[in-house]
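In what follows, every chain begins at residue 1, and chains take the letters A, B, ... in the order their sequences are listed. Side chains included, hydrogens not; waters and symmetry mates left out as well; all remaining heavy atoms used. On a predicted model such as this, the values are computed, not experimentally measured, just so you know.
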There are 4 protein chains.
Amino acid sequence: MTKQSKSLPDAGRRNEASRKAILTAAFDLVGEVGFAKLSIEAIAARAGVGKQTIYRWWPSKGTVLFDAFLMLSEDHASGDPALPDTGDIEADLKTVLRATVDELNDARYDEPLRALNTEIVHDPELAAAYAERLHEPMRRIKRDRLRRAQEAGQLDADTDLDLAVELLWSPLLNRWLQRTGPLTAEYADRVVEAALHGLRPRTEAASHTRTGQAAGKPSRG
Amino acid sequence: MTKQSKSLPDAGRRNEASRKAILTAAFDLVGEVGFAKLSIEAIAARAGVGKQTIYRWWPSKGTVLFDAFLMLSEDHASGDPALPDTGDIEADLKTVLRATVDELNDARYDEPLRALNTEIVHDPELAAAYAERLHEPMRRIKRDRLRRAQEAGQLDADTDLDLAVELLWSPLLNRWLQRTGPLTAEYADRVVEAALHGLRPRTEAASHTRTGQAAGKPSRG
Amino acid sequence: MTKQSKSLPDAGRRNEASRKAILTAAFDLVGEVGFAKLSIEAIAARAGVGKQTIYRWWPSKGTVLFDAFLMLSEDHASGDPALPDTGDIEADLKTVLRATVDELNDARYDEPLRALNTEIVHDPELAAAYAERLHEPMRRIKRDRLRRAQEAGQLDADTDLDLAVELLWSPLLNRWLQRTGPLTAEYADRVVEAALHGLRPRTEAASHTRTGQAAGKPSRG
Amino acid sequence: MTKQSKSLPDAGRRNEASRKAILTAAFDLVGEVGFAKLSIEAIAARAGVGKQTIYRWWPSKGTVLFDAFLMLSEDHASGDPALPDTGDIEADLKTVLRATVDELNDARYDEPLRALNTEIVHDPELAAAYAERLHEPMRRIKRDRLRRAQEAGQLDADTDLDLAVELLWSPLLNRWLQRTGPLTAEYADRVVEAALHGLRPRTEAASHTRTGQAAGKPSRG
DNA sequence: TTCTAACCGAGACGGTACGTCTCGTCTTAAT
DNA sequence: ATTAAGACGAGACGTACCGTCTCGGTTAGAA
């Protein structure tokens with residue numbers, strides 16, 4: 001579905017200029033007309049390419065779009081592969097989640113991102129590719145920052161870091177996808193706070209000893 | 001877009017049998033062929049109805065599907081509109097989230113649910129209808145249970161309950177939509193635990209005021 | 001394949017304006033680009049019609065062209081359904097065959113006629129329709145004239161009139177189709193003469209018992 | 001367009017095996033799928049040859065097919081280049097035309113022959129090549145036999161022999177191409193009889209100067 | 001009870017896009 | 001330099017649906 005700079009089997013006779021023109025056209029068009037109205041015909045026309053050249057290398061318009069994102073992410077992923085680390089995990093997470101909010105609110109990426117996300121929903125194969133090539137690298141970066149916080153004692157030692165990542169980012173992604181509420185910097189802050197401190201009261205007052213003292217879980221921590 | 005039992009303007013001469021046949025056909029077909037390949041033609045044919053009868057009452061296939069869900073939810077929502085309350089919020093949430101996991105993993109609802117969710121992503125108007133008619137009622141039920149827990153001192157008094165709902169349910173919905181990991185009962189449990197207790201260590205409240213005395217990472221800050 | 005003014009099953013909901021536009025466009029286009037390069041797409045575009053409207057009513061572009069000819073022939077067949085009859089069969093046949101020559105040499109009909117004739121060659125079903133709707137009516141007219149000549153004693157009483165028609169017209173059609181020689185009025189005349197008088201010498205001298213002395217043909221007026 | 005045994009410019013570096021494979025594949029394929037569905041791609045694939053090798057040496061699929069026929073006719077034309085001559089032209093012509101009927105009815109040659117004939121109809125250049133290389137040689141053979149009959153006094157001395165050939169063979173070719181009637185040995189016989197004896201009554205030479213007295217036509221010759 | 005207006009099933013219509021096929025050109029690698 | 005192989009831009013194929021538009025045939029209220 002994708003193509004590296006060299007030595008892949010399909011790299012044989014492939015026209016690199018056509019490939020790039022197709023991915024660029026696809027990304028631009030999805031932003032203009034949305035994924036539902038995005039057509040292979042239009043991509044081919046915009047890219048100045050025969051339709052068969054698209055069908056030859058991609059099985060669906062979803063995979064074209066995916067490769068378009070891949071190209072984009074490779075372009076500006078060359079820089080820093082790490083999250084900020086000031087030593088204060090809460091502040092750093094707020095910074096990062098606010099940046100995520102800004103990105104999701106960016107009009108240029110809104111439609112393409114929605115398109116990619118909804119295609120993943122319906123195409124397990126594409127979802128796997130997405131998980132491997134785009135999602136996992138970003139998750140690792142996030143996990144790395146959380147691990148350092150954990151090692152610094154700022155996060156519970158037992159916490160599953162993948163779960164932690166999901167606890168932090170899922171609310172944002174869900175609000176954005178489903179438009180169930182405003183997606184703001186304040187929201188990002190409150191998500192970070194809630195995720196870090198938990199929903200329970202922090203006072204040692206055995207809050208759960210009244211009304212159902214059972215099921216305690218006092219041992220943790 | 002929807003139809004009440006009486007007195008709505010569109011209730012005039014409408015053929016109720018056709019309406020039900022259309023919604024049933026739409027729901028069945030989306031489970032068989034997926035939303036992308038669902039066509040008005042096929043719905044009309046399956047329902048034994050003229051195409052115009054669909055176009056007369058619904059503006060898009062997304063809204064047809066939405067009404068199909070509405071019909072379904074009205075059918076079996078007649079029962080109890082409340083979450084279990086044993087007095088132990090953690091146990092109750094685990095019960096509920098496990099049920100959510102089961103529902104999302106139910107093959108019969110998988111495709112239709114995904115279809116509805118992705119249509120919402122692209123259609124703000126539909127998203128609003130969804131929020132009002134389907135999402136909000138369920139959120140209120142969840143919020144009610146959390147409020148009782150809050151009043152019982154099992155949840156922090158400051159917590160925004162809508163945020164709490166999102167913190168608890170978003171990770172599940174995200175895993176399901178994006179298939180970024182297995183969606184199991186254990187996962188539900190751990191989400192509940194993490195959300196309630198937070199990611200930070202509970203012992204020393206000051207843990208984030210001082211840094212790094214443990215396990216190295218001396219260089220940072 | 002064809003359509004009468006009323007009461008045919010397919011006449012039901014059919015749009016007569018579209019039908020005529022399609023046939024006209026097909027006839028014009030085949031004259032412009034030839035049958036091989038004639039495309040359904042182009043016919044539809046020229047006629048201002050959806051492609052499906054063509055596929056709905058005709059199984060192939062050959063049948064479209066056939067109906068175009070039918071429309072044309074119905075248009076100007078309203079007049080005289082008989083060949084000239086001056087009492088002199090030889091003179092009349094020369095008149096008619098010269099007219100045939102002129103028609104075949106008419107640039108406006110050349111390509112369409114060739115197209116129709118070659119389609120018939122490859123499509124037996126179309127050939128049957130052609131035989132019934134276009135060829136047979138003309139053959140009957142020709143046969144009628146020959147029959148009157150036969151009754152007048154100008155043609156042998158034993159002669160099969162269908163065979164006679166073929167003997168007279170086939171050479172013209174063949175020259176035209178295969179371009180094996182010039183198609184002129186003189187050629188028409190000589191075909192008529194040869195067909196009427198035969199290739200044998202007319203002298204009663206048992207011409208095939210001895211050789212070469214004859215050279216006769218004195219009787220020919 | 002064609003290829004001689006030696007010394008032609010295109011004979012230079014040409015791969016003779018490929019040429020034969022192409023012509024054989026073309027002939028076989030046209031018999032299997034018909035000319036309309038015959039594609040250069042398929043010929044190349046069947047012949048195990050690159051498409052360019054075909055485009056390099058032939059301008060159209062019609063010319064490929066033509067060369068295929070040429071190859072075939074050269075293969076079995078090595079034998080006798082003359083028509084039978086028993087001294088009885090009528091009997092000999094019947095023999096020959098019956099053979100022609102058999103050939104046209106041969107299923108193996110039906111499609112390819114039709115293909116070649118219809119290509120000639122639309123392609124004047126190909127028609128010229130056909131006339132020169134295939135048609136003319138056969139016409140000369142026929143003409144030769146007719147000339148001997150003419151010299152023997154069995155045919156009218158004035159008769160244009162080319163016209164005579166056309167009078168005899170055109171009806172057969174036409175029936176075959178247009179399927180306007182059964183193509184049988186009897187038909188061949190009657191064509192020969194009609195062409196030789198003419199359509200007019202042979203008895204009273206003046207029959208066309210007066211009209212209608214007879215109706216009798218007692219006996220031919 | 002008749003009239004009449006809207007709804008209904010059916011499906012033709014002008015279109016767009018599909019995914020496939022073939023065209024004729026061009027490029028590559030291997031003789 | 002020619003070949004087999006096959007990618008390429010182009011564009012027609014025949015199909016599937018789109019959303020609109022009649023067409024008769026119900027089906028209800030309103031007259």
Taking [atom1] from [X] and [atom2] from [N], how many angstroms apart are they, rounded to a whole number?
{"X": "B/Ile40", "N": "F/dT20", "atom1": "CD1", "atom2": "C1'", "answer": "14 Å"}
{"X": "B/Trp58", "N": "E/dC7", "atom1": "CH2", "atom2": "C1'", "answer": "13 Å"}
{"X": "B/Tyr55", "N": "E/dC8", "atom1": "OH", "atom2": "P", "answer": "16 Å"}
{"X": "D/Lys61", "N": "E/dC23", "atom1": "NZ", "atom2": "P", "answer": "7 Å"}
{"X": "B/Ile54", "N": "F/dC17", "atom1": "CD1", "atom2": "P", "answer": "13 Å"}
{"X": "A/Arg19", "N": "F/dA7", "atom1": "CZ", "atom2": "C1'", "answer": "16 Å"}
{"X": "C/Lys37", "N": "F/dG11", "atom1": "NZ", "atom2": "C1'", "answer": "12 Å"}

Can you check whether [Y]'s main-chain N or O pairs, donor with acceptor, with [X]'s side chain at less than 3.5 Å?
{"X": "A/Thr63", "Y": "A/Ser60", "value": "yes"}
{"X": "B/Asp123", "Y": "B/Glu119", "value": "no"}
{"X": "C/Thr118", "Y": "C/Arg114", "value": "yes"}
{"X": "D/Lys61", "Y": "D/Leu38", "value": "yes"}

Checklist entry - At what distance, to the nearest 0.5 angstrom, does CD1 of D/Ile22 lie from CD1 of D/Ile54? => result 4.5 Å

Next on the checklist: Both B/Ala42 and C/Ser39 contact DNA chain F. Taking the nearest nucleotide for each, which residue is further toward the 5' end?
Outcome noted: C/Ser39

Atom pairs under 3.5 Å: protein N/O with N/O of nucleotides 13-16 of chain E:
| unit_1 | atom_1 | unit_2 | atom_2 | d |
| --- | --- | --- | --- | --- |
| E/dC13 | OP1 | C/Asn15 | N | 2.9 |
| E/dC13 | OP2 | C/Arg56 | NE | 3.2 |
| E/dC13 | OP2 | C/Trp57 | NE1 | 2.6 |
| E/dG14 | OP1 | C/Ser18 | OG | 2.7 |
| E/dG14 | OP2 | C/Gly50 | N | 3.4 |
| E/dG14 | OP2 | C/Thr53 | OG1 | 2.8 |

Item to check | Among B/Lys37, B/Arg46, B/Arg108, salt bridge (charged side-chain N to carboxylate O under 4.0 Å, His left out) partner for B/Glu32 | outcome: B/Arg46

